[in-house]
There are 2 protein chains.
Amino acid sequence: MASILSFLDKAGKSRGFLTLYLLNSLKEKPKSGYDILIEIKEKTRGAWMPSKGTIYPLLKHLKKEGFITVKTTGQRSKSIFEITLEGEKELLVMSKEARKMHGKLMQFRDLISSIFAEGQGDIANLFFEIRDLLLDMRDSSPELKTEKKDELIKILERCLSDLKRVVPMDRLEGGREV
Amino acid sequence: MASILSFLDKAGKSRGFLTLYLLNSLKEKPKSGYDILIEIKEKTRGAWMPSKGTIYPLLKHLKKEGFITVKTTGQRSKSIFEITLEGEKELLVMSKEARKMHGKLMQFRDLISSIFAEGQGDIANLFFEIRDLLLDMRDSSPELKTEKKDELIKILERCLSDLKRVVPMDRLEGGREV
DNA sequence: TATAAACGTTTCTATGTCGAACCGTTCTAT
DNA sequence: ATAGAACGGTTCGACATAGAAACGTTTATA
């Protein structure tokens, strides 16, 4: 939730995920608010489309803060926003939050799926054991020797390909892929 | 965000994830608000702990709605909440939302991780791929043939033992938490 | 015995996002 | 030509949750 998807910037101001996304997206290429709306909708396959009542005021606010500017007021009276140098600096700091969010989101995911879990005991247990092992390792030794890391990767890759071999691929609709 | 973690119940009332979690958790076993607070904190390894200012008023509200009752006012003046029959009925409907949330959350995850890009082959990414595959499978085919199940278990067991071989066991326990 | 920590709850304000209503512009199909 | 859909944006109220302050109780510890 908010605690998971929002964070405090270096000035102590509370920021939401959308702020982070906006700056990141505008860094890549100047866009209009509407463009970003559609971009998000498509990237998430319709799972999320920010409210217009959120995104437009937010863009205005970020402009006022000097993180973005209006590049041109193009056709159809649309405003094309562009990230500023200060915006890029801010993004650099903020984007570290994306990692944290991601980790938190994954924990949150377990919470959700536990609601419709029920059964599947053995497989779930094994999976959790693997997870715990990897998490413990990361916690206790954040700096891992490349050599050891490669070994772990090889093991996991093998596991993954083995699983893919066994799992029927008829479950393809809904589209995978990023 | 809210659109991802909140939903409309059959009466059209907006509900948050916490409502769903509360009912689900109380169905399993009567608990106090504080118990649930700690339960969530531990289940998510510290990634999320609902605000007291959220959970207590919510419990009160659910009680008023008749979905839960106070079983006993135990020691330390704590209230032990218990789900009612009506609450279970409501939960049955609501829990279908958990599945949808899960799917949306996964799309959202891609959006977040796109911010810190990250090349493939990373340990975390591999792990998530494995998890996604297992979860997808569970979602799409809840009834798994024993034979196939055994194969999956064998693969995971092997992965686990391989990992244990590589990971040094000097990683004693210690602080969890984020 | 004093004190601090953990337990357990209440109340209040703040905030990120939603959703709906409303407005004007441009494109497209009939 | 006209209607309707898609584009592009503004404004405002509602809502789930956060976060902080305050308070009483029990347990552990110095």
Side-chain angles (χ1 to χ4, degrees), chain A residues 1-9 11-22 30-42 44 47-64 70 72-81 94 97 101 104 108 111, chain B residues 1-9 11-22 30-42 44 47-64 70 72-81 94 97 101 104 108 111:
Chain A
M1 262 275 333
S3 72
I4 287 177
L5 275 348
S6 73
F7 58 95
L8 266 32
D9 67 12
K13 194 185 178 313
S14 176
R15 306 281 189 177
F17 172 72
L18 195 53
T19 296
L20 182 48
Y21 187 87
L22 252 30
K31 290 168 190 126
S32 73
Y34 197 85
D35 289 337
I36 299 182
L37 227 51
I38 302 306
E39 177 184 305
I40 290 178
K41 187 185 171 189
E42 282 175 355
T44 62
W48 187 44
M49 180 159 107
S51 168
K52 292 171 167 196
T54 300
I55 197 169
Y56 288 119
L58 184 50
L59 282 167
K60 240 188 229 176
H61 195 253
L62 291 175
K63 184 183 153 200
K64 212 164 161 188
V70 173
T72 55
T73 299
Q75 302 225 306
R76 215 183 262 241
S77 75
K78 78 150 78 166
S79 301
I80 307 289
F81 292 95
M94 284 186 185
E97 298 294 333
M101 277 182 202
K104 289 185 179 186
F108 202 84
L111 214 57
Chain B
M1 257 291 316
S3 71
I4 289 176
L5 275 346
S6 73
F7 57 97
L8 265 33
D9 69 11
K13 193 184 178 314
S14 176
R15 305 281 189 178
F17 171 72
L18 195 53
T19 296
L20 182 48
Y21 187 86
L22 251 30
K31 290 169 191 125
S32 74
Y34 198 84
D35 289 336
I36 298 182
L37 228 49
I38 302 306
E39 176 182 305
I40 290 178
K41 187 185 172 188
E42 282 174 356
T44 63
W48 187 44
M49 179 159 107
S51 168
K52 293 169 169 196
T54 299
I55 198 170
Y56 287 117
L58 184 52
L59 282 166
K60 236 187 233 175
H61 195 252
L62 291 175
K63 185 182 154 200
K64 212 161 157 190
V70 173
T72 55
T73 300
Q75 301 228 305
R76 216 184 261 245
S77 75
K78 78 152 76 166
S79 301
I80 306 290
F81 293 95
M94 283 187 188
E97 298 294 331
M101 277 183 203
K104 288 186 180 187
F108 203 83
L111 212 58

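Below, chain A is the first sequence line, B the second, and so on; all start at residue 1.
The nearest whole Å value for the distance from the CD1 atom in Ile4(B) to the C1' atom in dA16(D) is 14 Å. Look at NZ on Lys104(A): it is 16 Å from P on dT17(D), rounded to the nearest Å. For the pair Leu37(A) CG and dT17(C) P, the computed distance is 13 Å after rounding to whole Å. Rounding to whole angstrom units, CG of residue Asp9(B) and C1' of dA16(D) are separated by 14 Å. Computed from coordinates, the Phe108(B) CZ to dT17(C) P distance equals 8 Å when rounded to whole Å. A straight line from CD1 of Ile55(B) to C1' of dG8(C) spans 12 Å, rounded to a whole angstrom. Following rounding to the nearest Å, Leu5(B) (CG) and dG16(C) (P) show an atom-to-atom distance of 17 Å. Separating the CD atom of Glu97(B) from the P atom of dA16(D) is a distance of 14 Å, rounded to the nearest angstrom.
The residue among Leu8(B) and Asp35(B) whose nearest nucleotide of DNA chain C is located toward the 5' end is Asp35(B). With DNA chain D read from its 5' end, the first of the two nearest nucleotides for Ser32(A) and Arg15(B) is the one closest to Ser32(A).
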Please produce a list of atom pairs where a protein N or O lies less than 3.5 Å from an N or O of nucleotides 10-14 of chain C.
{"from": "dT11(C)", "atom 1": "OP2", "to": "Lys60(B)", "atom 2": "NZ", "distance (Å)": "3.2"}

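Listed by chain and residue number, nothing satisfies the side chain to side chain contact (heavy atoms under 4.5 Å, CB included) test with Lys60(A) (two or more places apart in sequence, or in another chain). The side-chain hydrogen bond (donor to acceptor under 3.5 Å, both in side chains) test applied to Ser32(B) returns Asp35(B), not counting sequence neighbours. Every residue two or more places apart in sequence or in another chain was checked for a salt bridge (charged side-chain N to carboxylate O under 4.0 Å, His left out) with Lys104(B), and none qualifies. Not a single side-chain hydrogen bond (donor to acceptor under 3.5 Å, both in side chains) links Ser51(B) to another residue, sequence neighbours left out.
Pairs passing the salt bridge (charged side-chain N to carboxylate O under 4.0 Å, His left out) check and including a residue from residues 12-22 of chain B, sequence neighbours excluded, read Asp9(B)-Arg15(B), Arg15(B)-Glu65(B).
The side chain of Pro50(A) has dC18(C) as its nearest neighbour among dC18(C), dG8(C), dG9(D). Across dG8(C), dG16(C), dA16(D), the shortest atom-to-atom separation from the side chain of Ser6(A) is found for dG16(C).
Here Trp48(A) does not reach the OP1 or OP2 of dT17(C): none of its side-chain N or O atoms lies under 4.0 Å away.
Within the 4.5 Å cutoff, the side chain of Leu111(B) has heavy atoms near those of the Phe17(A) side chain. Phe108(B) is not listed as a side-chain neighbour of Met101(A), based on a closest heavy-atom distance of 4.5 Å or more.
Contact annotation for Leu18(B): backbone-only contact, meaning every heavy-atom pair under 4.0 Å involves sugar-phosphate atoms and none involves a base.
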